[in-house]
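Chain A is the first sequence line, chain B the second, and so forth, proteins listed ahead of strands; every chain is numbered from 1.
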Amino acid sequence: MKYIDEFQDPALARRLLDEIHATVTRPWALMEVCGGQTHTIIRHGIDQLLPDQVELIHGPGCPVCVTPLEVIDKALEIASRPGVIFCSFGDMLRVPGTGRDLFRVRSEGGDVRVVYSPLDALTIARQNPDREVVFFGIGFETTAPPNAMTVHQAKKLGIRNFSLLVSHVRVPPAIEAIMLSPSCRVQGFLAAGHVCSVMGVAEYPELAARHRVPIVVTGFEPLDILEGVRRTVRQLERGEHTVENAYARAVRPEGNPAALAMLADVFEVTDRAWRGIGVIPGSGWRLADRYREFDAEHRFQVTGITTQEPAECRSGEVLQGLLKPNECAAFGTVCTPRTPLGATMVSSEGACAAYYLYRRLDLQAAPAAPTTPLEASPVG
Amino acid sequence: MCLAVPGRVLDIAERDGTRMATVDFGGVQKEVCLEYLPDLRVGEYAIVHVGFALQRLDEESAKQTLELFAELGMLQEEFGDPWELAAGPDEGAGE
Ligand code: SF4
């Protein structure tokens with residue numbers, strides 16, 4: 001398909017790889033922030049094709065993975081109530097809460113529905129005026145504008161039986177938290193391209209300068225990742241630390257002004273707990289006061305929740321780039337996508353799931369055996 | 001779920017006061033809200049996420065990027081195989 005196939009071209013990938021090999025002289029550790037990028041990297045074996053000196057550390061950019069356990073438990077509680085239709089994106093279904101998941105709630109009689117878009121949930125609310133329809137509004141800056149628009153529409157059209165369970169997260173405060181961590185090894189960031197399609201790049205120059213760390217806005221196809229790595233390594237080798245846009249076809253410096261205006265109207269910045277990581281100041285959005293009546297937490301007053309994470313799960317370390325998924329003892333044995341202990345094994349963007357899908361057999365057969373899966377991989 | 005993919009606008013219509021489009025993703029078609037890209041036109045490509053067009057895909061810069069990639073390594077080709085250079089001790093460094 002246009003603008004996908006071209007950016008998977010093996011011959012051009014080879015050129016980019018050659019250039020990276022020719023540029024690098026020292027070891028560098030880069031973090032790809034977004035779980036979608038982690039997925040591309042593992043699926044195509046890009047980390048194995050890079051020079052040994054370039055290490056890719058997988059970042060916390062999987063919205064499903066970082067949604068706090070407490071919010072998942074609130075979702076489960078609301079979804080279990082009679083009269084509620086609980087709508088969610090599909091990859092939340094198997095995210096483990098304390099003892100159960102949305103899938104289980106549905107099998108126990110809860111009306112849980114998977115939607116493609118938050119607007120679909122609004123349609124369900126209009127078709128079921130005697131039911132309470134709740135949409136599970138999670139995600140990064142990419143998903144926040146669609147959810148903001150949906151709440152805005154609900155208010156405009158006077159759809160009062162609709163509400164949003166909000167747990168939005170923002171990337172720049174997470175980058176800040178990673179850089180401030182004493183165990184931080186990250187020397188350069190591949191920033192999440194689609195987040196920047198919405199937000200632009202204005203939030204990053206100050207971060208790059210203060211932490212003396214290059215930040216390169218990067219896309220999601222194999223060539224995009226390689227170009228992000230090439231530019232980051234080039235900066236590191238030259239001792240530079242600026243913001244570059246390696247995804248110009250989808251990222252304007254100013255972002256999407258209409259989406260930014262809607263975000264400013266509907267949401268306000270708040271502290272947010274990240275699952276496995278803890279509270280990161282200013283790292284989330286909640287509904288602004290003028291939209292409070294559409295806030296599911298306010299409407300349903302869920303209280304008395306006590307959460308408990310499974311002790312074996314080390315997804316917090318995985319999300320912070322301190323541990324590779326296959327280094328967790330439960331990986332692939334007790335913990336699989338069908339029986340996940342942590343959200344990182346569930347989501348299509350979770351690092352544990354990516355390793356399980358694409359690397360499990362390699363890991364068992366021959367650790368770190370180099371392959372050239374770029375040539376072999378099917379077009380996605 | 002954070003995945004956003006490029007799609008091509010097939011037609012545009014107003015529905016319930018909202019600007020909507022039918023967008024083609026390599027054969028799969030979806031209804032997509034255009035409120036964030038109101039000037040998107042039929043035939044153009046956009047990055048679409050959970051039913052919303054979030055940013056126009058710029059064909060010109062896509063082409064430029066691919067051309068840049070194609071030009072990469074021309075210099076190395078003049079001077080030998082970078083894989084060999086990279087593998088050798090202390091060689092292949094620098095640009
Ligand atoms: S493999 Fe499973 S148990 Fe281990 S960190 Fe990942 S999600 Fe948690």
Side-chain angles (χ1 to χ4, degrees), chain A residues 1-4 6-7 9 12 14-16 18-19 21-25 34-36 51 61-64 89-92 116-120 138-140 142-143 145-147 149 153 156-157 192 194 197-198 220 223 227 230 234 246 248-252 255-256 258-259 262 347-349, chain B residues 1-8 16-18 20 24-28 30-38 45-66 68-77 79 81-83 85-87 90 92-95:
Chain A
M1 205 184 112
K2 198 141 190 222
Y3 302 128
I4 294 185
E6 293 98 320
F7 286 88
D9 183 297
L12 292 182
R14 179 57 61 198
R15 286 191 180 276
L16 280 159
D18 287 349
E19 185 77 13
H21 276 266
T23 304
V24 73
T25 67
C34 174
C62 162
V64 173
F89 296 128
D91 35 6
M92 297 306 286
Y116 160 67
S117 164
L119 285 179
D120 298 341
I138 68 145
F140 279 95
T142 327
T143 323
N147 292 348
M149 176 67 76
Q153 295 267 13
K156 194 173 84 181
L157 300 170
H194 292 145
S197 294
V198 171
F220 298 84
L223 297 192
E227 174 66 349
R230 182 182 79 89
R234 187 174 63 181
R249 69 184 185 281
V251 174
R252 318 270 171 278
N256 181 322
M262 183 62 76
S347 165
S348 52
E349 289 139 75
Chain B
M1 59 147 279
C2 215
L3 286 184
V5 282
R8 184 165 170 270
D16 292 336
T18 305
M20 299 292 288
D24 177 72
F25 302 92
V28 182
K30 292 259 184 213
E31 288 302 288
V32 166
C33 176
L34 295 190
E35 288 290 309
Y36 289 134
L37 280 182
Y45 284 81
I47 295 287
V48 175
H49 175 60
V50 299
F52 286 74
L54 291 182
Q55 191 55 270
R56 177 182 269 103
L57 253 185
D58 183 44
E59 301 205 28
E60 195 46 47
S61 63
K63 277 192 207 119
Q64 279 172 11
T65 306
L66 290 166
L68 170 84
F69 294 166
E71 283 162 21
L72 279 177
M74 291 296 188
L75 268 183
Q76 266 94 29
E77 268 169 28
F79 301 121
D81 180 5
W83 289 97
L85 289 175
D90 297 318
E95 298 204 7

Q) Are side-chain heavy atoms of Asp18(A) and Leu72(B) found at a separation under 4.5 Å? A)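 With C-beta onward as the side chain, the pair stays apart.
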
Q.
Among residues at least two apart in sequence or on other chains, which ones pass ring-ring contact (aromatic ring centres under 6.0 Å, His included) with Phe220(A)?
A. His194(A)

Heavy-atom proximity to chain A below 4.5 Å, by part of [X]:
X        : value
Lys30(B) : side chain
Ile47(B) : side chain
Gln64(B) : neither

Q. Under 3.5 Å, side chain of Tyr36(B) to main-chain N/O of Pro145(A), donor-acceptor pair present?
A. yes

Q. Does any N or O in the side chain of Gln55(B) come within less than 3.5 Å of the main-chain N or O of Ser197(A), such that one atom is a donor and the other an acceptor?
A.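 Looks like yes, one N/O pair under 3.5 Å.
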
Separation between [atom1] of [X] and [atom2] of [Y], rounded to the nearest 0.5 Å:
X         : Y         : atom1 : atom2 : value
Glu6(A)   : Lys63(B)  : CD    : NZ    : 10.0 Å
Leu119(A) : Met20(B)  : CG    : CE    : 6.0 Å
Glu31(B)  : Tyr116(A) : CD    : OH    : 10.0 Å
Thr142(A) : Phe52(B)  : OG1   : CZ    : 13.5 Å

Looking only at heavy atoms, which two atoms of [X] and [Y] are closest? And how far apart?
X         : Y         : value
Val50(B)  : Pro118(A) : O-CD, 3.6 Å
Arg249(A) : Ser61(B)  : CA-OG, 3.0 Å
Thr18(B)  : Gln153(A) : OG1-NE2, 3.1 Å
Arg230(A) : Leu68(B)  : NH2-CD2, 3.9 Å
Leu66(B)  : Leu12(A)  : CD2-CD1, 4.0 Å
Asn256(A) : Leu37(B)  : ND2-CD2, 4.0 Å

Q: Scan side-chain atoms only and decide if Thr65(B) and Glu227(A) contain a donor-acceptor pair under the 3.5 Å cut-off.
A: no

Q: Applying salt bridge (charged side-chain N to carboxylate O under 4.0 Å, His left out), name anything that partners Arg252(A), two or more places apart in sequence or on another chain.
A: none

Q. If you tally heavy-atom pairs under 4.5 Å against chain B, which of Gly35(A), Gly255(A), Ala248(A), Ala259(A) wins?
A.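 Of the options given, most contacts go to Ala259(A).
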
Q. So which of Ala250(A), Ser117(A), Gly36(A), Pro146(A) has the largest heavy-atom pair count under 4.5 angstrom toward chain B?
A.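 Ranked by contacts with chain B, first place is Pro146(A).
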
